[in-house]
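Here's the structure we're looking at; comments come further down.
Proteins come first, then strands; the chains are lettered A, B, ... in the order of their sequence lines, and each starts at number 1.
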Number of protein chains: 2
Amino acid sequence: MADPEPTRRTASNLELISATLQTGTMQQARRMLNALHPAEIAHLLESMPPAQRELVWELVDPEYDGEVLLHLGDEVRQSLIQGMDADELVQAAHSLDVDDLADLIQDLPAAVLQETLEGMDKQRRSRLEAVLSYPEDSAGGLMDTDTVTVRADVTLDVVLRYLRLRGALPDLTDKLIVVNRYDKYLGLLGLSELLTQDPEHTVAEVMDTSSSAIEAATPAHEVAKIFQDRDLISAPVINESGVLLGRITIDDVVDVIREQADHSVMGRAGLSEDEDIFAPVILSSRRRAVWLGINLATAFLASWVIGLFEGTIERSVALAVLMPIVASMGGIAGSQTLTLVVRGLALDQVNRGNLRWIFSKEIAVGAINGLLWALVVALIALIWFDSLRIGGIIALAMIINLFAAAVVGVTLPPLLRRFGVDPAIAGSVILTTFTDVIGYASFLGLATVVLFSL
Amino acid sequence: MADPEPTRRTASNLELISATLQTGTMQQARRMLNALHPAEIAHLLESMPPAQRELVWELVDPEYDGEVLLHLGDEVRQSLIQGMDADELVQAAHSLDVDDLADLIQDLPAAVLQETLEGMDKQRRSRLEAVLSYPEDSAGGLMDTDTVTVRADVTLDVVLRYLRLRGALPDLTDKLIVVNRYDKYLGLLGLSELLTQDPEHTVAEVMDTSSSAIEAATPAHEVAKIFQDRDLISAPVINESGVLLGRITIDDVVDVIREQADHSVMGRAGLSEDEDIFAPVILSSRRRAVWLGINLATAFLASWVIGLFEGTIERSVALAVLMPIVASMGGIAGSQTLTLVVRGLALDQVNRGNLRWIFSKEIAVGAINGLLWALVVALIALIWFDSLRIGGIIALAMIINLFAAAVVGVTLPPLLRRFGVDPAIAGSVILTTFTDVIGYASFLGLATVVLFSL
């Protein structure tokens with residue numbers, strides 16, 4: 001019996017294949033590649049520039065194509081699908097579970113989709129239709145329809161014999177689902193209970209009725225929360241009348257969690273969560289240009305504010321030297337508040353009831369840090385430009401901007417959300433526009449008042 | 001048999017309890033609270049200001065204390081532990097699994113720890129010691145030692161009878177672990193195989209030897225990757241000689257994934273991933289002050305660069321008006337590159353082999369967007385200030401800064417990583433320092449050359 005090797009060496013496996021592709025024969029590379037798990041092949045493909053990627057994709061055994069495509073980010077997946085012929089795609093589609101196929105289906109060309117649907121048996125097609133009838137980011141869109149159900153009134157012994165007749169269970173089956181004869185969800189029977197309880201008991205006596213099923217319309221992020229809170233491996237999905245539709249498994253939930261995380265990190269830089277780091281130059285340039293354009297508009301807004309005070313700056317160039325400090329500190333303080341509130345909203349920690357508490361707290365924190373750093377900045381400005389006036393002006397402007405940053409940081413995310421805008425993406429651009437404008441305006445405005453009237 | 005209600009209403013449950021706390025009796029609130037899952041109680045506590053939080057914590061049934069503490073962020077957990085007396089803490093510790101207790105242990109006061117260890121039976125203590133002997137963020141630190149093992153040479157029927165005698169299996173047991181008599185890991189026997197295969201088969205005939213075990217020293221983020229790639233629910237953990245130490249379950253892996261995500265999002269704003277949104281004002285102010293201080297230093301560096309060109313700005317105030325645009329566009333373009341490369345590094349997509357490819361690509365994207373926006377900015381500047389010179393200067397400075405942003409964005413993350421600094425946290429501050437300094441210096445430097453010498 002083979003001594004299994006620790007999975008730790010995966011990373012170097014990938015390096016090895018990259019090296020073989022460069023120096024060894026195609027045959028060697030093909031063999032090594034197809035010995036990997038589809039997810040690892042997907043990872044390898046995502047770590048390669050386009051030319052090499054297509055080469056390696058050719059080497060992947062067609063029977064793994066579906067699984068590999070599934071593990072790829074949207075962008076890389078689409079680019080590879082474009083290079084495949086219809087037969088390959090139909091074959092790939094046939095190899096997948098219904099919930100996975102539902103994920104892939106929007107990337108398939110119409111002709112392939114047609115052929116795939118026609119090649120399906122009736123049961124599989126109606127299951128696919130059930131999954132597709134719910135939004136992709138809902139419990140219904142995440143579910144698989146391949147459930148194993150039992151009745152409540154039979155004994156465990158009957159269930160055990162049924163399973164043995166039935167043969168292999170679907171992947172990640174940790175529980176059987178108990179339904180009545182109208183397919184209404186009643187409870188769950190864990191495999192572990194089935195194995196350890198007295199076989200003479202009925203399912204009704206042993207089953208768990210405390211875990212509730214998830215309604216198909218539940219949004220994906222709530223499903224993720226339920227799975228995390230309750231440490232679930234799988235959960236039944238029902239329609240609004242309580243009829244069992246399918247089940248969601250933890251692997252799909254992990255994907256949801258990972259995508260949410262990527263979305264916050266990438267969205268902040270105006271990138272999509274599926275951005276391919278090896279995307280063609282023209283495509284990348286075009287997409288990033290949009291974000292740069294938005295930021296240019298906000299930068300010109302700040303410049304316009306500065307332009308209003310040209311006369312003031314002419315009288316004291318020190319103002320031009322110091323003004324970015326006020327703007328920058330406001331942006332940093334504001335983004336701390338914003339980040340906390342955006343996360344609090346995403347985790348449902350922040351609601352109408354406690355928003356006022358958070359508001360007061362952030363104002364207090366802004367005031368304390370405003371005062372502290374106003375003092376430090378004033379002192380440095382005083383020493384640098386030997387001017388008490390400038391020291392006082394920058395101190396006051398800092399306090400104003402850190403205060404404003406706290407106000408905007410707390411109020412902006414719930415406001416954006418109400419207008420259907422994702423605060424994780426738009427929040428930071430809007431916030432820094434505010435802190436830039438308020439920073440420049442308060443500093444240069446105060447300077448105008450002090451320098452021209454005193 | 002009760003008709004289970006869909007879990008969808010969890011969110012409003014929480015709101016209901018909040019309302020009951022304010023308007024109803026303590027008795028009502030206590031009953032509602034303790035009907036929740038510990039994770040939901042933890043979530044409720046995290047969504048409350050400190051005063052209310054302590055009140056609710058008092059209402060939690062002591063038998064749930066341990067589980068609730070476990071589901072809290074480090075910061076909230078520590079603040080609640082401080083208010084508990086030794087008896088309560090010892091009781092809470094006793095109610096936990098070994099791997100969970102290992103997570104909690106560093107937060108416990110020395111006296112409680114002592115008493116907890118003394119109250120343990122020998123087996124539990126030695127298991128705890130095994131978990132504690134590995135770093136918290138390694139496979140050994142994540143593992144639980146509560147495994148169910150079987151021998152390869154027995155029949156499935158023997159295993160079935162053994163399980164029935166043994167009684168309840170540990171939570172999230174989807175597979176039994178097959179070991180030899182020296183406890184060396186041999187393979188896995190899924191409950192689902194156990195239930196569906198012929199009971200006359202031996203374990204050796206049915207077991208899965210293709211899944212490998214995870215070495216205890218494997219870092220947590222690699223464990224997370226293995227679980228995600230292979231859709232695992234649990235995986236055995238072995239030492240370097242292949243002896244079984246314990247197993248890791250998906251719930252702990254999901255926590256790792258969530259913490260990694262929080263770390264990137266929060267770290268970027270200089271916040272810890274466990275930051276309590278309801279932390280006291282003084283504590284929050286002090287912690288955020290550090291980050292503001294670091295940023296102030298970098299802002300003064302930029303100001304100092306501007307200060308070098310005071311004479312130039314005096315001759316043309318338009319420069320002061322336009323200079324933030326160059327700095328800001330560099331920062332935005334650079335953070336797009338940085339975000340992609342940091343994520344690529346975290347996912348092991350970026351390595352020495354393809355870094356050069358990414359470098360060339362990002363330079364090209366930077367050049368294209370530099371040229372594009374240089375033209376736009378030059379045109380606007382030309383119209384605004386009616387000066388071809390200023391238009392030309394800002395265009396050239398933009399191209400220089402977007403080029404520099406691409407160079408810094410690609411090279412900084414691997415460099416920081418080599419020096420043991422987390423690029424997700426420090427990357428963005430260092431990058432914008434570069435783009436500010438280079439932006440101001442190139443724009444004002446070019447202006448000095450053009451205005452003073454032409």
Any side-chain heavy atom of [X] sitting closer than 4.5 Å to one from [Y]?
X	Y	answer
A/M329	B/L292	yes
B/L347	A/E46	no
A/E314	B/E314	no
A/H43	B/K225	yes
A/R164	B/D198	no

**Request:** First locate atom CG of A/L271, then atom CG of B/L340, and finally report the distance between them rounded to the nearest 0.5 Å.
**Result:**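 Those atoms lie 5.0 Å apart.
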
**Asked** Which distance, rounded to the nearest 0.5 Å, do you find between the CD1 of B/I325 and the CG of A/N295?
**Response** 11.5 Å

Side chain from CB out, backbone as N, CA, C, O: work out which of these in [X] comes under 4.5 Å of a heavy atom of chain A, or both, or neither.
X	result
B/S192	both
B/A168	backbone
B/V254	side chain
B/I368	side chain
B/V376	side chain
B/V350	side chain
B/L338	neither

**Request:** Answer yes when A/E275 and B/R343 have at least one side-chain N-carboxylate O distance shorter than 4.0 Å, and no when they do not.
**Result:**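 No, A/E275 and B/R343 are not salt-bridged.
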
Most contacts with chain A, counted as non-hydrogen pairs under 4.5 angstrom, among [options]:
options	result
B/Q260, B/R258, B/R268	B/R258
B/L163, B/D251, B/D171, B/N369	B/N369
B/G331, B/P199, B/A367	B/P199
B/A261, B/G167, B/S264	B/G167
B/D262, B/I257, B/L319, B/D174	B/D262
B/D231, B/I282, B/T298, B/D436	B/D231

For each of [options], tally heavy-atom pairs with chain B at distances under 4.5 Å, and name the one with the top tally.
options	answer
A/R286, A/M266, A/E240, A/R166	A/M266
A/S303, A/A139, A/A235	A/S303
A/I306, A/V342, A/L165	A/I306
A/A320, A/S335, A/A289	A/A289
A/T249, A/T339, A/V253	A/T339
A/L402, A/L322, A/T432, A/V377	A/V377

**side chain to side chain contact (heavy atoms under 4.5 Å, CB included) between B/R288 and A/T337, intermediate numbers included** = CA-CA 10 Å; B/R288 293 199 220 161; A/T337 302; 3.6 Å; yes

Using non-hydrogen atoms only, which part of [X] is less than 4.5 Å away from chain B: side chain, backbone, both, or neither?
X	value
A/I250	side chain
A/F300	both
A/A279	both
A/L169	both

**Request:** Test A/M323 against B/M323 for side chain to side chain contact (heavy atoms under 4.5 Å, CB included), laying out the working first.
**Result:** CA-CA 11 Å; A/M323 64 184 189; B/M323 64 184 187; 3.8 Å; yes

**Request:** Go through the steps for A/Q349 and B/M48 under the test side chain to side chain contact (heavy atoms under 4.5 Å, CB included), then give the verdict.
**Result:** CA-CA 8 Å; A/Q349 280 174 2; B/M48 285 176 169; over 6 Å; no

**Nearest non-hydrogen partners of B/G307 and A/V321, listed with the distance** = CA-CG2, 3.8 Å

**Prompt:** Where is the tightest heavy-atom contact between A/G270 and B/Q336, given as atom of each residue plus distance?
**Reply:**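 Nearest heavy atoms, A/G270 then B/Q336: O-NE2, 4.2 Å.
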
**Request:** Carefully, step by step, assess B/N354 and A/F278 under the rule side chain to side chain contact (heavy atoms under 4.5 Å, CB included).
**Result:** CA-CA 9 Å; B/N354 57 26; A/F278 298 102; 3.4 Å; yes

**Asked** Okay, side chain of A/K361, backbone of B/P49: is any donor-acceptor separation there less than 3.5 Å?
**Response**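 Checking the backbone N and O of B/P49 against the side chain of A/K361, no donor-acceptor pair under 3.5 Å is found.
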
